Every structure is written in structure tokens, then in C-alpha cells.
*Asks:* 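Handing you a structure now.
For reference, positions follow the sequence shown, starting with 1. As the structure is a computational prediction, the values presented were derived from the model and not from experiment.
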Amino acid sequence: NKREVWRVNYALAKIRTAARTLLTLDEKSEQRMFQGDALLRRMIRLGLLLESEKKLDYVLGLTTAKIMERRLQTKVFKLGLAKSIHHA
């Protein structure tokens, strides 16, 4: 579904833009520390980053494919509960 891909691309663009602006700030900046930690926590909670990847650089490395892997439809298919993605 193209609309779903567009939605994921838009969300990813917003996340990456936020990370990019935070990376331009000084490392000791309060805004970077608080907002950066919040962004990283959100990415870990969504399952897009691992606990060991707690850096803003990893947020910039996120891809559309990584987000699409987190869909319920994909999970059901990968576990073998459905014969195809459409069946899921």
C-alpha cells in the first residue's frame, strides 16, 4: 500500500530532521540532552533501536525498511502464521 509507505517516509523524515537539528547543537546543551534522550527513548520503545544504540547517529541510520519490519502484518508473516503478506 503506497499510502502506508508515504506515511512511514514522512514520519521518518520528521524523526531524522529532529535528530539532525539536535546534532547541530553543542553536546552539553540542555535542549540536546533532554530532547535527544526523549527521542532515543521513543525509538527504543517503538523497537526501532536497540538498547546498545543510544546515540543520535543511529537515529539518522534508520530506514523505511526497518520501520516497515515492525508492522503487525510483517510480524505475522515472518512467524509463519500466514501464508503471505496479503493473507496476514
*Asks:* Taking side-chain contact (heavy atoms from CB on, under 4.5 Å) as the definition, give me every residue that meets it alongside L79, ordered by chain and number, with sequence neighbours left out.
*Replies:*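 Once residues adjacent in sequence are excluded, the partners of L79 under the side-chain contact (heavy atoms from CB on, under 4.5 Å) criterion are L81.
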*Asks:* Apply side-chain contact (heavy atoms from CB on, under 4.5 Å) to D26 and list each qualifying residue two or more places apart in sequence or on a separate chain.
*Replies:*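 Per chain and number, D26 pairs via side-chain contact (heavy atoms from CB on, under 4.5 Å) with K28, S29.
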*Asks:* Applying side-chain hydrogen bond (donor to acceptor under 3.5 Å, both in side chains), can you list everything that pairs with T64, at least two apart in sequence or on another chain?
*Replies:*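 side-chain hydrogen bond (donor to acceptor under 3.5 Å, both in side chains) check on T64 returns N9.
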*Asks:* Are the side chains of R20 and L56 in touch, meaning some heavy atoms are under 4.5 Å apart?
*Replies:*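 They are not in side-chain contact.
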*Asks:* Might you work through the side-chain contact (heavy atoms from CB on, under 4.5 Å) test for R32 and L23, ending with a clear yes or no?
*Replies:* CA-CA 8 Å; R32 178 173 171 172; L23 280 170; 3.4 Å; yes
*Asks:* Mind checking what makes salt bridge (Lys or Arg N to Asp or Glu O under 4.0 Å) contact with E53, not counting sequence neighbours?
*Replies:*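 Once residues adjacent in sequence are excluded, E53 has no partner under the salt bridge (Lys or Arg N to Asp or Glu O under 4.0 Å) criterion.
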*Asks:* Under 3.5 Å, side-chain donor or acceptor atoms of residues 37-52 against the rest of the protein: list the pairs with distances, not counting sequence neighbours.
*Replies:*
none

*Asks:* Applying side-chain hydrogen bond (donor to acceptor under 3.5 Å, both in side chains), can you list everything that pairs with R16, at least two apart in sequence or on another chain?
*Replies:*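 Not a single residue meets the side-chain hydrogen bond (donor to acceptor under 3.5 Å, both in side chains) criterion with R16.
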*Asks:* Do I67 and V76 sit in one hydrophobic cluster, given that two such residues count as connected whenever their side-chain heavy atoms are within less than 4.5 Å of each other, even indirectly?
*Replies:*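 No.
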*Asks:* Can you get from L60 to V8 by hopping between Ile, Leu, Val, Met, Phe, Trp and Tyr side chains that sit under 4.5 Å apart?
*Replies:*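 Cluster IDs for L60 and V8 match.
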*Asks:* Could you tell me which residues satisfy side-chain hydrogen bond (donor to acceptor under 3.5 Å, both in side chains) with E4, sequence neighbours excluded, listed by chain and number?
*Replies:*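 If we apply the side-chain hydrogen bond (donor to acceptor under 3.5 Å, both in side chains) test to E4, skipping adjacent residues, the hits are R71.
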*Asks:* For M33, which fellow cluster members are found when Ile, Leu, Val, Met, Phe, Trp and Tyr are connected by side-chain heavy-atom distances below 4.5 angstrom, either directly or through intermediates?
*Replies:*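 Members besides M33: none; it forms no cluster.
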*Asks:* Going by the rule side-chain contact (heavy atoms from CB on, under 4.5 Å), which residues pair with H86 if we only count those two or more places apart in sequence or in a different chain?
*Replies:*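 In terms of side-chain contact (heavy atoms from CB on, under 4.5 Å), with neighbours along the sequence ignored, H86 is linked to S84.
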*Asks:* Taking a hydrophobic cluster as the set of Ile, Leu, Val, Met, Phe, Trp and Tyr residues connected by side-chain heavy atoms closer than 4.5 Å, whether directly or through intermediates, do M68 and L62 fall within one such cluster?
*Replies:*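 The answer is yes; both residues are in one hydrophobic cluster.
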*Asks:* Find the distance between CG (L25) and CD (Q35) and round it off to the nearest 0.5 Å.
*Replies:*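 The CG atom of L25 sits 8.0 Å away from the CD atom of Q35.
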*Asks:* Under the salt bridge (Lys or Arg N to Asp or Glu O under 4.0 Å) rule, collect the residues that match up with R70, sequence neighbours excluded.
*Replies:*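 If we apply the salt bridge (Lys or Arg N to Asp or Glu O under 4.0 Å) test to R70, skipping adjacent residues, there are no hits.
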*Asks:* What pairs with I85 under side-chain contact (heavy atoms from CB on, under 4.5 Å), at least two apart in sequence or on another chain?
*Replies:*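 Counting only residues at least two positions away or on another chain, I85 forms a side-chain contact (heavy atoms from CB on, under 4.5 Å) with Q73, T74, F77.
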